[in-house]
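Structure first, commentary second.
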Amino acid sequence: MPEGPELHLASCYINTVCAGLIFSGKVEKSEVSKNPEVLFESDAYVISATSRGKEIKLTLTPLKEEKNTLPGRGRDREELSQNGLQQPMDLVFRFGMSGSFKFTSAAELPKHAHLRFYTKESPHRALCFVDCRRFGRWEVHGTWQPDRGPCVMLEYEKFRENVLRNLSDKAFNKPICEALLNQKFFNGIGNYLRAEILYRLKIPPFENARTVLEALQHRKQSPDLTLSKKVKLKQENPDLLELCHAVPMEVIHMGGMGYGPEHSDDAAAFEEWLQCYCVPGMRSLRDGNGRTIWFQVTKPVPKRSSKGSSSQEKVAKRSGRKKGKELIQGAENAKAHEARKPNTRSRRKASASQASPTNKAPAADRKRQASARRSTGAVTAAPRSRRVKAE
DNA sequence: CGTCCACGTCTAC
DNA sequence: TAGACCTGGACGG
């Protein structure tokens, strides 16, 4: 589920399904979760949510004045005021790779529901934090993580300033595709958004981030134009930082749940919305952190039939982390009429992965294989299997 | 069956 | 800058 839009959509979902609902009792954690217990108990409380970048905050608010029946016993003293009243509580969540919220019948909790809030009504229902891979985290009495920057969706002006005022930061020494995942500056951008954003401007992903962003510092004004024409021009030619806001906003306004696991109409609409990420015909490489960056190779300037690799390919090759190791470019182009199928395997095994330093280790060690693959800078652009568009 | 891959952080050398 | 942390779907044999 989880880049900025999905987190924001989750907060909207929570506020919608919990509107006017009374919750009651304790907050229940699954046995298997390593996240902290939530020592909150109230006979009647309400739940609301807000989001910021890739975090979401739930606020549990007890109704009226309410006596706790077991003052202080088995409870952390801090949870209760001196007269035994349950205080409001904020919980801040990060979703990892698979977190989401679901509101269901309490009788049939979803699989991997690691935190549960029960309604007072009966039959009870439950708001659940569901997280199959358990990379998600929550913090009791949480606050927005201090190292994360302003939200690209809800705090656009602050976000933009934070980037442009800090271009000397070493975070911008990196390729733009890697800088875009730095949550200190791009809180809310994730792997599919960086691909979609760079694709809109056809910015080669391994261009230096500072070089790309310095060009935005002094926006060219055309004094001869009317204000409305300036506005129109700006809307039709958004720059990179504007797209860091506008592209996630498109996902929010699509109405569904964004990049969700469900095979629903929403998921199909999201898939249709993607222009680059996992799209047949696009290419992909591993970035310096081993994450897959999807991009389109733009045509080299058709100057006097230069036969070398495109400038993008050169950039990509330079990005390889192990000097001397050659990167493999699997450059198979999918036919234009083929539809994407995001959840199918996209890579074929890169032959470079065979060239691990000590290939004699007989046991199949997944971790070492994985890192060997990464360090060769193995590249992928295998076609995704075909899925015929429903018409 | 085994392997590879996934929307993201974290933290330990 | 490697792993570690996890589950499960899609493929290949």
Side-chain angles (χ1 to χ4, degrees), chain A residues 1-10 30 32-35 53-56 92-100 110-114 130-139 145 147-148 170 174 178 180-184 186-197 247-248 251 256-263 266-267 270-271 273-274 276-278 284 286-294 319-322 330 340-350 353-354 356-357 363-378 380-387:
Chain A
M1 236 213 158
E3 295 183 22
E6 289 73 26
L7 274 283
H8 182 73
L9 288 165
S30 74
V32 67
S33 172
K34 294 173 181 168
N35 279 303
K54 265 184 254 185
E55 296 185 305
I56 185 166
V92 168
F93 293 78
R94 264 152 271 136
F95 276 8
M97 293 285 264
S98 58
S100 66
K111 209 175 174 188
H112 308 295
H114 296 301
V130 178
D131 182 13
C132 146
R133 296 183 70 181
R134 274 181 272 149
F135 294 170
R137 298 281 153 85
W138 65 77
E139 288 168 18
Q145 211 168 237
D147 287 345
R148 305 182 77 104
K170 64 184 192 319
K174 310 208 165 195
E178 291 175 25
L180 284 172
L181 292 185
N182 186 333
Q183 303 298 299
K184 188 174 172 183
F186 298 92
N187 189 6
I189 303 300
N191 206 20
Y192 80 74
L193 283 170
R194 70 168 176 174
E196 296 298 314
I197 290 163
V247 173
V251 179
M257 287 304 277
Y259 192 170
E262 291 152 65
H263 298 290
D266 292 347
F270 176 79
E271 197 175 298
W273 172 84
L274 290 171
C276 179
Y277 180 78
C278 291
S284 62
R286 296 313 181 99
D287 71 12
N289 299 310
R291 301 264 258 145
T292 303
I293 173 67
W294 289 84
S319 77
R321 294 176 308 149
K322 291 273 167 87
R340 61 183 84 84
K341 190 175 182 188
N343 289 327
T344 54
R345 173 153 53 166
S346 67
R347 300 184 71 242
R348 62 178 165 75
K349 195 173 185 179
S353 68
Q354 305 299 336
S356 66
D365 181 345
R366 282 187 84 178
K367 294 162 200 163
R368 282 181 46 227
Q369 283 186 350
S371 73
R373 228 180 302 117
R374 251 204 299 282
S375 62
T376 59
T380 47
R384 324 207 115 233
S385 45
R386 175 188 313 231
R387 187 185 122 263

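Naming: A, B, ... by sequence-line order, numbering from 1 per chain.
Taking only side-chain atoms of Arg291(A), from C-beta outward, the nucleotide of dG8(B), dT9(B), dG8(C) with the closest atom is dG8(B). The nucleotide whose nearest atom lies closest to any side-chain atom of Arg133(A) is, among dG8(C), dA6(B), dG8(B), dA6(B). Of the candidates dA6(B), dT7(C), dC10(B), dA6(B) carries the atom nearest the Arg286(A) side chain, counting heavy atoms from C-beta on. The side chain of Tyr259(A) has dC7(B) as its nearest neighbour among dG8(B), dT9(B), dC7(B). Residue Thr292(A) has its side chain nearest to dA6(B) when only dA6(B), dT9(B), dC7(B) are considered.
Listed pair Lys34(A) / dC5(C) fails the phosphate criterion, with no side-chain N or O lying under 4.0 Å from OP1 or OP2. His112(A) has a side-chain polar atom (N or O) that falls below the 4.0 Å cut-off from OP1 or OP2 of dG8(C). Regarding contacts with the backbone of dT7(C), a side-chain N or O of Arg134(A) is found under 4.0 angstrom from either OP1 or OP2. For dT9(B), one of the phosphate oxygens OP1 or OP2 lies less than 4.0 angstrom from a side-chain nitrogen or oxygen of Gln183(A). Distances shown here put a side-chain N or O of Gln145(A) below 4.0 Å from the OP1 or OP2 atom of dC10(B). OP1 or OP2 of dG8(C) lies within a sub-4.0 Å distance of a side-chain N or O belonging to Lys111(A).
Rounded to an integer number of Å, the gap from Asn35(A) CG to dC5(C) P is 15 Å. dT9(B) atom C1' lies 11 Å from atom CG of Leu181(A), rounded to whole Å. Atom OH of Tyr277(A) and atom C1' of dG8(B) are 12 Å apart (whole Å). Put simply, NZ on Lys170(A) is 14 Å from C1' on dT1(C), counting in whole angstrom units. For the pair His8(A) NE2 and dC7(B) C1', the computed distance is 17 Å after rounding to whole Å. Between the P atom of dG8(B) and the CZ atom of Phe186(A) lies a distance of 15 Å, rounded to the nearest Å. In this structure, CG of Asp131(A) is placed 11 Å from C1' of dC5(C), rounded to the nearest angstrom. Note: CZ (Arg94(A)) to P (dC5(C)) measures 19 Å, nearest angstrom.
Classified by interplanar angle (parallel below 30°, tilted 30° to 60°, perpendicular above 60°), the ring pair Trp273(A)/Tyr192(A) is perpendicular.
With Asn187(A) contributing its side chain and Lys54(A) its backbone, the two residues share a donor-acceptor pair below 3.5 Å. Judged by distance alone, with hydrogens and angles left aside, the side-chain atoms of His114(A) form no donor-acceptor pair with the main-chain N or O of Arg134(A) at under 3.5 Å. Of the possible polar contacts, one joining the Glu196(A) side chain to the Tyr277(A) backbone as a donor-acceptor pair under 3.5 Å is found.
Here, dC10(B) and dG8(C) have their C1' atoms 23 Å apart, quoted to the whole Å. For the C1' atom pair drawn from dT9(B) and dG9(C), the interatomic distance equals 23 Å after rounding to whole Å.
Salt bridge status for Glu178(A) with Arg291(A): absent, with no side-chain N to carboxylate O gap under 4.0 Å.
Both distances falling under 3.5 Å, in either a Watson-Crick or a G-U wobble arrangement, place dT9(B) opposite dA4(C).
Note on Arg194(A): nothing from the nucleic acid sits closer than 4.0 angstrom, heavy atoms only.
A distance cut-off of 5.5 Å between ring centres, combined with a plane angle under 30°, places Phe135(A) in a stacking arrangement with the base of dC5(C).
When Glu3(A), Glu6(A), Glu55(A) are each tested for a salt bridge (Lys or Arg N to Asp or Glu O under 4.0 Å) with Arg94(A), only one passes: Glu55(A).
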